[in-house]
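Reading through the structure tokens given below for one structure.
In what follows, chains carry the letters A, B, and so on, assigned in the order in which the sequence lines appear, proteins first and then strands, with residues in each chain numbered from 1.
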2 protein chains.
Amino acid sequence: MRAWVAFLDTSNLLLQRINQQLREDGGLTQPQYELLTRLAEAPDQRMRMAELALALVTSRSGLTYQVSQLEKAGLVRREACASDDRGILAVLTADGQQALLKAAPGHLRVVRENLIDQLDRDQLVTLADTLGRARAHLRSTGNG
Amino acid sequence: MRAWVAFLDTSNLLLQRINQQLREDGGLTQPQYELLTRLAEAPDQRMRMAELALALVTSRSGLTYQVSQLEKAGLVRREACASDDRGILAVLTADGQQALLKAAPGHLRVVRENLIDQLDRDQLVTLADTLGRARAHLRSTGNG
DNA sequence: TGCATGTCGTTCGAATTCGAACTACACCGG
DNA sequence: CCGGTGTAGTTCGAATTCGAACGACATGCA
């Protein structure tokens with residue numbers, strides 16, 4: 001249980017720092033940064049809404065809101081899905097790329113200073129493996 | 001970086017499950033459960049507002065809101081602070097105790113099933129130590 | 001004592017989140 | 001082709017969050 005409390009505290013503290021950093025840096029919030037990152041890593045830099053919502057662990061309505069915000073800011077574009085008329089693809093724009101490149105260094109610095117540099121390499125590898133395992137279990141039992 | 005992404009995902013997934021479980025179980029939310037727990041662990045089951053806000057990693061205004069909600073529900077009581085006329089003490093009531101006892105088993109079960117049981121004892125100890133270290137660093141560099 | 005600075009908790013408005021209800025479309029068995 | 005069931009994305013209202021501004025009190029120094 002000690003582990004869980006430490007886990008939650010660390011998560012909250014880090015998110016606090018990250019949001020603070022991103023706000024000083026430019027107009028992005030943490031959820032928005034995360035969203036853009038997923039799009040940047042996706043094939044053709046586009047993703048289905050439902051898939052994106054799952055990846056970001058947010059509700060579909062919440063995703064609709066954030067994508068709308070980013071679309072107004074010109075960082076993301078909506079596109080119809082060829083294979084499914086119901087589907088919408090969120091696509092990263094050139095401006096979105098730029099915003100991500102601009103915000104990335106500060107973001108990486110905060111994560112590095114506050115998490116990575118506090119641990120040695122073994123601890124870090126163990127942490128990634130351990131949490132990867134927990135995440136896999138959580139995803140595999142999704143709502144069932 | 002893999003570690004940080006896994007960290008964030010796991011945290012979000014677990015919070016999702018916990019909130020879902022608590023909602024099915026009875027009227028508490030996760031932040032409220034966390035708040036009551038801190039009070040239950042505190043000497044005389046009471047804490048200063050500012051101290052509580054720090055412990056829960058939330059804003060002071062956010063804490064005011066949650067304490068007001070819990071006060072309306074009768075689970076928490078506000079008390080003046082003897083040593084500082086500005087201060088307010090949040091105090092756990094008997095009903096608050098009851099609510100905590102009622103919600104605890106389900107909460108513990110979810111954390112156990114989804115995190116603790118997925119790891120062996122070494123991993124768990126390492127995780128607690130590792131995150132404890134990161135948390136200590138984050139707290140020691142608080143806003144400075 | 002009197003003033004300057006800082007802290008405590010609250011209030012306020014804006015932004016973000018969620019779940020439920022809804023519309024449009026896909027898919028399957030007849 | 002056609003109804004029945006399920007999924008995709010959005011809209012809506014309610015709840016929660018934050019930061020900034022505020023009034024009340026504490027603390028240090030002259």
Side-chain angles (χ1 to χ4, degrees), chain A residues 8 11-13 15-24 27-35 46-73 76-91 142-144, chain B residues 8 11-13 15-24 27-35 46-73 76-91 142-144:
Chain A
L8 195 55
S11 169
N12 286 333
L13 286 164
L15 286 174
Q16 204 178 51
R17 299 296 173 86
I18 288 172
N19 263 315
Q20 174 183 338
Q21 214 287 322
L22 286 174
R23 196 159 341 98
E24 291 168 1
L28 291 181
T29 64
Q30 190 271 332
Q32 292 173 344
Y33 181 90
E34 201 68 19
L35 196 160
R46 66 196 60 210
M47 254 198 235
R48 287 289 292 270
M49 294 292 278
E51 193 185 355
L52 196 49
L54 237 73
L56 295 173
V57 193
T58 188
S59 62
R60 286 172 301 167
S61 52
L63 180 60
T64 293
Y65 174 79
Q66 282 296 357
V67 167
S68 298
Q69 296 301 107
L70 291 171
E71 198 174 24
K72 274 193 276 186
V76 158
R77 177 166 39 93
R78 273 185 233 246
E79 232 175 64
C81 180
S83 62
D84 189 337
D85 280 357
R86 298 168 300 177
I88 299 282
L89 291 165
V91 188
N143 286 0
Chain B
L8 195 54
S11 168
N12 285 333
L13 285 164
L15 286 174
Q16 206 179 50
R17 299 296 174 87
I18 288 173
N19 263 315
Q20 175 183 338
Q21 213 287 323
L22 286 174
R23 196 159 347 97
E24 289 168 2
L28 290 181
T29 64
Q30 188 272 332
Q32 291 172 346
Y33 181 90
E34 201 67 21
L35 196 160
R46 65 198 60 209
M47 255 197 235
R48 287 290 293 270
M49 294 291 280
E51 193 186 353
L52 195 50
L54 240 75
L56 296 173
V57 193
T58 188
S59 62
R60 285 173 300 166
S61 51
L63 180 60
T64 294
Y65 175 78
Q66 282 296 359
V67 167
S68 298
Q69 295 302 106
L70 291 170
E71 197 174 25
K72 274 192 277 187
V76 157
R77 176 166 38 92
R78 275 185 233 244
E79 232 175 63
C81 179
S83 62
D84 189 338
D85 281 357
R86 299 168 301 179
I88 299 282
L89 291 166
V91 188
N143 287 0

Write down the distance between [atom1] ([X]) and [atom2] ([N]), rounded to a whole number of angstrom.
{"X": "A:Glu24", "N": "D:dG19", "atom1": "CD", "atom2": "P", "value": "11 Å"}
{"X": "A:Leu89", "N": "D:dA8", "atom1": "CG", "atom2": "P", "value": "13 Å"}
{"X": "B:Tyr65", "N": "C:dA15", "atom1": "OH", "atom2": "P", "value": "19 Å"}
{"X": "A:Arg48", "N": "D:dT10", "atom1": "CZ", "atom2": "P", "value": "11 Å"}
{"X": "A:Gln32", "N": "C:dA15", "atom1": "CD", "atom2": "P", "value": "12 Å"}
{"X": "A:Gln66", "N": "C:dC18", "atom1": "CD", "atom2": "C1'", "value": "13 Å"}
{"X": "B:Arg60", "N": "C:dT7", "atom1": "CZ", "atom2": "P", "value": "9 Å"}
{"X": "B:Met47", "N": "C:dC8", "atom1": "CE", "atom2": "C1'", "value": "17 Å"}

Kindly give the heavy-atom pair with the smallest separation between [X] and [Y], and that separation in Å.
{"X": "B:Ala90", "Y": "B:Leu52", "result": "CB-CD2, 4.2 Å"}
{"X": "B:Gln30", "Y": "B:Asn19", "result": "N-OD1, 3.1 Å"}
{"X": "B:Gly27", "Y": "B:Gln32", "result": "O-OE1, 3.8 Å"}

Open item on the list: Please report the interatomic distance CD(A:Gln69) to CG(A:Leu28), rounded to the nearest 0.5 Å.
Closed with: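 Atom-to-atom, A:Gln69:CD and A:Leu28:CG are 12.0 Å apart.
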- [ ] Have a look at A:Asp84 and say if it touches a base, only the backbone sugar-phosphate, or nothing, with a 4.0 Å heavy-atom cut-off.
- [x]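 Touches sugar-phosphate only.
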Open item on the list: Taking any heavy-atom pair under 4.0 Å as a contact, classify B:Ser68: base, sugar-phosphate, or nothing.
Closed with: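 Counting heavy atoms under 4.0 Å across all strands, no contact is made by B:Ser68.
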Between [N] and [X], is there an OP1 or OP2 to side-chain N/O distance shorter than 4.0 Å?
{"X": "B:Arg23", "N": "C:dG19", "value": "yes"}
{"X": "B:Gln69", "N": "D:dT16", "value": "yes"}
{"X": "B:Thr58", "N": "D:dT17", "value": "no"}
{"X": "A:Ser61", "N": "C:dT17", "value": "no"}

TODO: Could you say whether A:Arg86 or A:Thr64 is positioned toward the 5' end of DNA chain D, judged by the nucleotide with the nearest heavy atom to each?
DONE: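 Closest to the 5' end, via its nearest nucleotide, is A:Arg86.
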Open item on the list: When you compare the side chain of B:Val57 with that of A:Leu8, does any pair of heavy atoms fall below 4.5 Å?
Closed with: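 The answer is no, as the side chains (C-beta and beyond) never meet within the 4.5 Å cut-off.
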Open item on the list: From C-beta outward on B:Arg78, which listed nucleotide comes closest to its side chain: D:dC18, C:dG9, C:dG19?
Closed with: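 Out of D:dC18, C:dG9, C:dG19, the nucleotide with an atom closest to B:Arg78's side chain is C:dG9.
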